[in-house]
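Values reported hereafter were calculated over all heavy atoms of this structure, with side chains retained and with hydrogens, waters and symmetry mates removed.
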Amino acid sequence: MVLYFDLLWVASGRIVTALITIASLRIMTSLLDPKDYGHYTLLIAFQGFCGLILISPVGLHINRHTHTWWDEGTLLKRLIRYNRYLLAISAGIALVVLMWGITYPSANQKIPTALLSACAVSAMVYMSTWNGTFITILNMLGHRIGSIGWMLASTIIGLGCASLFAYVYQTGTSWLLGQALGMTVGAVGAGFTLRNYQAAKKMVDVCSNNLSTFVNLQTIQNYCLPLAVATGLMWLQNAGYRFWVEKTWGPTELGLLAVGLSITSQIWNMFESLSMQFLNPYFFRQITILKSISQKSVLLSDLVNVLWPIYAVLAGFNIVFASSILAILTNERYHTDATFVLIGVIIEFARCTGNLWSYAAQIERRSTKYILPYALGAMIVIGGVLGLSAAPGNIEMFAICLGTSGLVICGAMVITMQRMVPVKLDIYKWLAGTAVLLVCVAAGIFMPLKTDGLLNTILQISVGLFVSGGVMLALLWNDPALKRLLAVSLRGP
């Protein structure tokens with residue numbers, strides 16, 4: 001009964017967050033023209049650089065040890081050292097953005113404007129990291145109400161502040177500042193909530209001087225640095241190219257490309273975070289318990305067999321309703337072409353599939369295995385940049401290059417991780433997911449939907465959500481793999 005309550009609470013929170021996300025994109029594209037949206041994506045690229053390359057490897061290290069440190073009562077003390085690291089990164093990226101705003105030709109910002117952009121990115125890096133850290137820890141420890149509550153507070157307050165600032169100033173920087181305020185509220189609230197849970201558990205206060213190193217040199221060399229290299233390559237193909245696109249085709253075309261890709265990205269990120277917010281705590285708790293490679297193989301196989309067929313259904317839904325989703329979620333000035341949305345589906349489906357297998361490297365703590373897949377993907381993106389620089393083409397050609405890169409990364413990731421922790425597929429569930437996907441692809445090609453009016457489009461999407469949701473529930477109903485994943489207590493002794 002507790003598991004069903006947890007699932008209902010997480011799902012309800014994510015549905016509300018999804019509605020807010022939908023409203024966010026619609027409001028943002030109404031307040032910002034494509035040029036300003038393009039500038040916003042460049043600021044987000046700076047944030048992504050810090051998040052993926054400098055912060056994410058350490059964050060994964062924290063996730064890997066959350067339960068152990070919590071059980072021994074040292075978690076919050078260890079995070080004090082993490083805070084010093086985040087302050088240094090936030091200050092460093094502020095200087096980088098300031099220099100970019102002043103010197104980069106297309107940015108063309110005066111010093112006060114560049115300084116405001118630098119402060120917005122710096123604040124977003126620092127506060128969104130703490131927001132995600134505290135909310136993730138609450139979720140990992142099974143405190144679903146606190147986790148979902150502060151996540152919703154962050155999103156709602158962030159949307160309100162961002163909308164207000166963008167309405168007044170109509171710039172990408174103003175929107176980012178509003179989001180940073182929302183993240184600040186969530187970070188502070190979730191941090192105090194976590195501290196209260198620790199006090200209620202009556203843990204012994206450990207002097208920080210008596211703790212072992214937060215991240216030792218061996219962990220940095222063998223885990224964090226290889227992961228940083230891999231995520232750096234990931235950043236290059238997911239965000240780093242934006243500076244070249246802006247220089248080649250201008251901020252307006254960059255804005256249109258970014259909106260098309262971000263629609264599918266937000267849908268898939270929302271869906272992936274929903275599933276992982278519920279399953280990750282159980283997965284990582286079991287990692288700390290299981291010892292043999294055969295047990296770990298069963299654990300990873302269960303995760304893949306539960307989620308991949310669901311992802312296949314989601315991809316099919318995205319393909320059929322690509323034009324309808326574009327019409328609903330964006331302002332009319334962004335309704336140029338659904339091609340970017342369809343390419344986004346390919347990128348996100350491949351990314352999420354590869355992410356499932358990538359948990360093998362988490363299990364075995366062999367983050368060097370991430371490097372080859374992302375290096376291959378980065379090479380394709382770089383090849384596309386060089387090719388289109390030598391023989392200029394349209395931006396759709398570069399979008400296809402991004403889609404190809406995603407597929408190559410997925411294939412290389414599956415092959416690499418399969419050799420490390422073998423995954424045994426549930427053939428019947430995979431056949432069911434594949435059949436649904438193929439039917440949707442055929443429908444999208446031979447019977448494309450027409451977006452005739454807002455109400456008709458909303459009705460079409462509603463029917464699609466009902467049908468795809470029913471198929472997903474049927475795939476999950478009484479699933480033995482899902483039951484095995486959930487067969488562990490989260491809060492420990």
Side-chain angles (χ1 to χ4, degrees), residues 9-34 36-45 47-48 51 116-117 119-136 138-139 145-191 255 258-274 277 325-334 454 458 461:
W9 181 250
V10 171
S12 299
R14 280 297 171 182
I15 288 172
V16 174
T17 304
L19 295 175
I20 296 172
T21 301
I22 291 171
S24 174
L25 189 58
R26 181 74 188 192
I27 293 171
M28 191 176 186
T29 55
S30 298
L31 294 175
L32 302 180
D33 61 30
D36 289 316
Y37 189 90
H39 178 73
Y40 167 79
T41 64
L42 294 179
L43 296 180
I44 290 296
Q47 181 197 348
L116 188 62
S117 295
C119 291
V121 174
S122 178
M124 193 64 178
V125 167
Y126 184 76
M127 298 314 305
S128 66
T129 301
W130 275 122
N131 182 287
T133 299
F134 286 139
I135 288 176
T136 298
L138 287 173
N139 180 63
I145 294 177
S147 174
I148 295 294
W150 288 114
M151 180 186 67
L152 288 175
S154 305
T155 308
I156 293 171
I157 295 173
L159 175 60
C161 293
S163 300
L164 176 62
F165 292 170
Y167 177 78
V168 175
Y169 300 105
Q170 296 182 345
T171 63
T173 301
S174 61
W175 185 274
L176 192 62
L177 279 171
Q179 288 183 314
L181 283 177
M183 291 295 169
T184 301
V185 172
V188 173
V259 164
L261 296 181
S262 68
I263 287 174
T264 49
S265 175
Q266 289 194 29
I267 292 173
W268 280 79
N269 284 337
M270 173 194 67
F271 198 88
E272 186 182 34
S273 61
L274 167 62
Q277 185 170 17
I325 293 172
L326 182 66
I328 291 293
L329 297 189
T330 63
N331 184 268
E332 290 79 6
R333 54 189 165 186
Y334 291 85
L454 181 62
I458 293 175
I461 293 178

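For Ser174, the side chain to side chain donor-acceptor pair (under 3.5 Å) criterion is met by Thr171, not counting sequence neighbours. Scored by the side chain to side chain donor-acceptor pair (under 3.5 Å) test, Ser24 finds no partners at all (sequence neighbours excluded). Shown here are the side chain to side chain donor-acceptor pair (under 3.5 Å) partners of Thr330, two or more places apart in sequence or in another chain: His335. Applying the side chain to side chain donor-acceptor pair (under 3.5 Å) test to Gln266 and every residue at least two apart in sequence or in another chain returns nothing.
For the 3.5 Å distance criterion, the side chains of Asn269 and Ser273 fail to qualify, holding no donor opposite an acceptor.
For residues 158-169, no pair satisfies side chain to side chain donor-acceptor pair (under 3.5 Å), with sequence neighbours left out. Judged as a salt bridge (charged side-chain N to carboxylate O under 4.0 Å, His left out), the pairs with a partner in residues 263-272 (not counting sequence neighbours) are, in order, Glu272-Arg351.
Using a distance-only test at 3.5 Å, with no hydrogens or angles considered, a donor-acceptor pair links the side chain of Ser262 to the main chain of Val259. In this structure, Thr136 contributes its side chain and Thr133 its backbone to no donor-acceptor pair below 3.5 Å.
By the 30° and 60° cut-offs, the orientation of the rings of Trp130 relative to Phe134 is parallel.
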**Item:** side chain to side chain contact (heavy atoms under 4.5 Å, CB included) between Met183 and Thr129, intermediate numbers included
**Value:** CA-CA 9 Å; Met183 291 295 169; Thr129 301; over 6 Å; no

From CA spacing to verdict: side chain to side chain contact (heavy atoms under 4.5 Å, CB included), Trp175, Asp36: CA-CA 10 Å; Trp175 185 274; Asp36 289 316; over 6 Å; no

(request) Apply side chain to side chain contact (heavy atoms under 4.5 Å, CB included) to Val185 and Leu181, showing your working. (result) CA-CA 6 Å; Val185 172; Leu181 283 177; 5.9 Å; no

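Using a 4.5 Å heavy-atom threshold, the side chains of Leu177 and Leu116 count as touching.
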